[in-house]
Amino acid sequence: TCRLVCVLPSLLSSDCLTANIVKSHRETCQYRVEELQALRWKVFSREEVLAYQSKSVEEMWQRCAYRLTDSIQYVVEFAKRIDGFLELSQNDQIVLLKGGSLEVVLVRMCRSFNPDNGTVFFEGKYGGTEVFKSLGCNDLIASIFEFSQSLCALHLSEQEVALFTAVVLLNPERAWLQDKEKVARLHSHVDVAFKNTLQRSHRDTVLSKLSQKTLQLKSLCSLHIDRLRSFLELRPLLAHSLFPPLYHELFTDSPDAPLE
Ligand SMILES: CCN1C(=O)COc2cc(N(CC(F)(F)F)S(=O)(=O)c3ccc(C)c(C)c3)ccc21
């Protein structure tokens with residue numbers, strides 16, 4: 001039926017794209033939002049927080065880098081299932097993922113954030129900013145929590161998270177794109193699908209708020225890259241053994257193993 005629907009006016013074909021993106025999100029979101037909410041009561045104890053705070057900077061970064069790399073694999077899978085993404089050149093697929101995967105992870109994280117007590121899901125339980133103290137970058141942690149808190153305030157549905165992350169990923173303004181026009185066409189199709197969905201559910205107000213969020217995302221990610229760079233510069237040899245190759249491929253300019 002999807003094929004039949006897609007030959008009808010563009011409005012219906014944007015339904016087709018919406019269905020594809022929502023399905024892709026559901027299949028690659030790593031944790032279902034129901035699961036994450038059911039775990040909110042599992043908060044780290046005082047002892048567990050102290051244990052995290054007594055870990056070395058290296059170990060905490062390694063744990064986070066591992067979880068981030070794991071989450072990014074799901075974002076890569078999400079991208080590959082969006083109609084049109086695999087039709088882009090290999091180069092442009094990698095440029096979009098290098099530039100947008102962390103942004104998608106940070107948007108998805110609002111689903112694992114509990115705005116009632118300001119805790120986030122990490123290694124099986126919920127914890128506040130104090131859990132990440134030994135990372136030594138409290139400004140980055142604080143900005144992640146603030147971003148998650150403000151995104152939660154929009155009460156995005158799973159459909160809206162799916163469409164918003166697809167819009168964030170398919171950004172035609174990423175540097176080094178070969179076929180910018182082709183990405184811009186795909187981006188505009190997703191944007192139209194997103195706008196149609198929001199209008200139908202009388203959620204137009206969310207659109208203007210989300211465009212501000214996109215700006216916050218950009219600064220949050222550049223802050224992350226700066227922090228990561230300064231961290232790696234202090235421990236060049238260690239870092240190479242600490243972080244999975246995909247992490248290096250995405251967040252440092254070192255020409256490591258190609259993104260598979
Ligand atoms: C700022 C980008 N960032 C890093 O620079 C280093 O690794 C990260 C990992 C994660 N994870 C979330 C994910 F698993 F979804 F990726 S986390 O390890 O579960 C985690 C959850 C929540 C917070 C506050 C932090 C600090 C970590 C998120 C962001 C980063």
Side-chain angles (χ1 to χ4, degrees), residues 25 28-33 35-37 39-40 42-44 48-49 51-53 55-79 97-115 117-152 161 164-165 168-169 213 216-235 238-239 242-253:
H25 170 75
T28 64
C29 60
Q30 196 172 9
Y31 306 99
R32 286 186 304 102
V33 71
E35 290 165 338
L36 288 165
Q37 288 181 347
L39 285 170
R40 283 183 171 184
K42 283 185 87 172
V43 183
F44 285 120
E48 288 169 317
V49 172
Y52 276 119
Q53 293 178 339
K55 290 186 185 312
S56 68
V57 183
E58 288 77 8
E59 185 180 345
M60 257 331 253
W61 264 98
Q62 186 174 18
R63 284 174 181 240
C64 291
Y66 173 78
R67 284 177 56 80
L68 180 59
T69 308
D70 185 42
S71 295
I72 285 172
Q73 317 257 12
Y74 286 89
V75 174
V76 172
E77 200 46 47
F78 170 61
L97 282 165
K98 257 179 102 93
S101 57
L102 178 59
E103 292 182 359
V104 171
V105 164
L106 290 171
V107 170
R108 285 181 161 194
M109 269 175 65
C110 75
R111 299 156 78 253
S112 59
F113 186 78
N114 182 355
N117 59 6
T119 59
V120 72
F121 184 70
F122 178 74
E123 296 191 341
K125 289 189 178 180
Y126 279 77
T129 53
E130 68 278 0
V131 165
F132 303 94
K133 206 163 146 196
S134 58
L135 276 172
C137 47
N138 294 336
D139 53 348
L140 174 65
I141 303 306
S143 47
I144 293 177
F145 273 73
E146 279 155 34
F147 181 75
S148 298
Q149 186 90 37
S150 69
L151 208 48
C152 279
V161 171
F164 181 47
T165 48
V168 162
L169 196 62
K213 294 287 160 255
Q216 273 177 284
L217 258 183
K218 211 171 165 56
S219 64
L220 192 51
C221 285
S222 50
L223 179 62
H224 154 263
I225 298 291
D226 294 344
R227 280 282 166 290
L228 171 72
R229 264 208 197 106
S230 50
F231 175 80
L232 292 179
E233 269 151 26
L234 291 172
R235 305 162 182 81
L238 209 80
L242 269 181
F243 293 172
L246 176 64
Y247 194 97
H248 282 281
E249 173 59 31
L250 288 171
F251 300 121
T252 58
D253 303 327

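Whatever order the structure lists ligands and atoms in, that order sets their numbers, starting from 1.
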Residue-level breakdown please: for Thr129 versus ligand 1, do any non-hydrogen atoms fall below 4.0 Å on the side chain, on the backbone, on both, or on neither? neither

Near Tyr66 OH, under 6.0 Å, is it more than 12 heavy atoms from other residues, nucleotides or ligands? no

Check whether Gln53 reaches the backbone of Glu130 with its side chain - one donor and one acceptor, N or O, closer than 3.5 Å. yes

Tell me: protein heavy atom nearest atom 30 (C) of ligand 1, and distance? Leu68 CD2, 3.9 Å

Is ligand 1 under 4.0 Å from a heavy atom in the side chain of Met109, in the backbone, in both, or in neither? side chain

Among all protein heavy atoms in this structure, tell me which lies nearest to atom 13 (C) of ligand 1, with the distance rounded to 0.1 Å. Ser71 OG, 3.3 Å

For Ile141, atoms of ligand 1 separated by under 4.0 Å from a heavy atom: 26 (C)

Among Phe44, Phe122, Trp61, exactly one meets ring pair (Phe, Tyr, Trp, His ring centres under 6.0 Å) together with Phe132. Which residue is that? Phe122

Which of the numbered atoms in ligand 1 are below 4.0 angstrom from a heavy atom of Phe145? 24 (C)

Contact region, Val105 to ligand 1, non-hydrogen atoms below 4.0 Å, reads side chain

For ligand 1, which atoms have a heavy atom of Val120 less than 4.0 angstrom away? 22 (C)

As an exercise, state the distance from CG of Leu151 to CD of Glu146, rounded to the nearest 0.5 Å. 13.5 Å

List the closest protein heavy-atom neighbour of atom 18 (O) of ligand 1: residue, atom name, distance to the nearest 0.1 Å. Phe122 CE1, 3.3 Å

Where is the tightest heavy-atom contact between Ser71 and Val105, given as atom of each residue plus distance? CB-CG2, 4.1 Å

Does the separation of the ring centres of Phe113 and Phe145 fall below 6.0 angstrom? yes

Which heavy atom of the protein is the closest neighbour of atom 25 (C) of ligand 1, given with residue, atom name and distance? Phe132 CE2, 3.6 Å

Can you tell me which residue and heavy atom of the protein come closest to atom 9 (C) of ligand 1, and the distance to 0.1 Å? Cys64 O, 3.3 Å

Nearest non-hydrogen atom to atom 2 (C) of ligand 1 belongs to which of Met60, His224, Arg227? His224

Using a strict 4.0 Å cut-off to heavy atoms of Ile144, name the atoms of ligand 1 that fall inside it. 1 (C)

Crowding at NZ, Lys133 (>12 non-hydrogen neighbours, <6.0 Å): no

Between the side chains of Glu123 and Tyr52, is a donor N or O closer than 3.5 angstrom to an acceptor N or O? yes

Numbered atoms and elements of ligand 1 in range of Arg67, under 4.0 angstrom, heavy atoms: 14 (F), 16 (F), 17 (S), 18 (O), 19 (O)

Within the 3.5 Å criterion, strictly below it, is a donor on Thr28 or Arg108 matched to an acceptor on the partner's side chain? yes

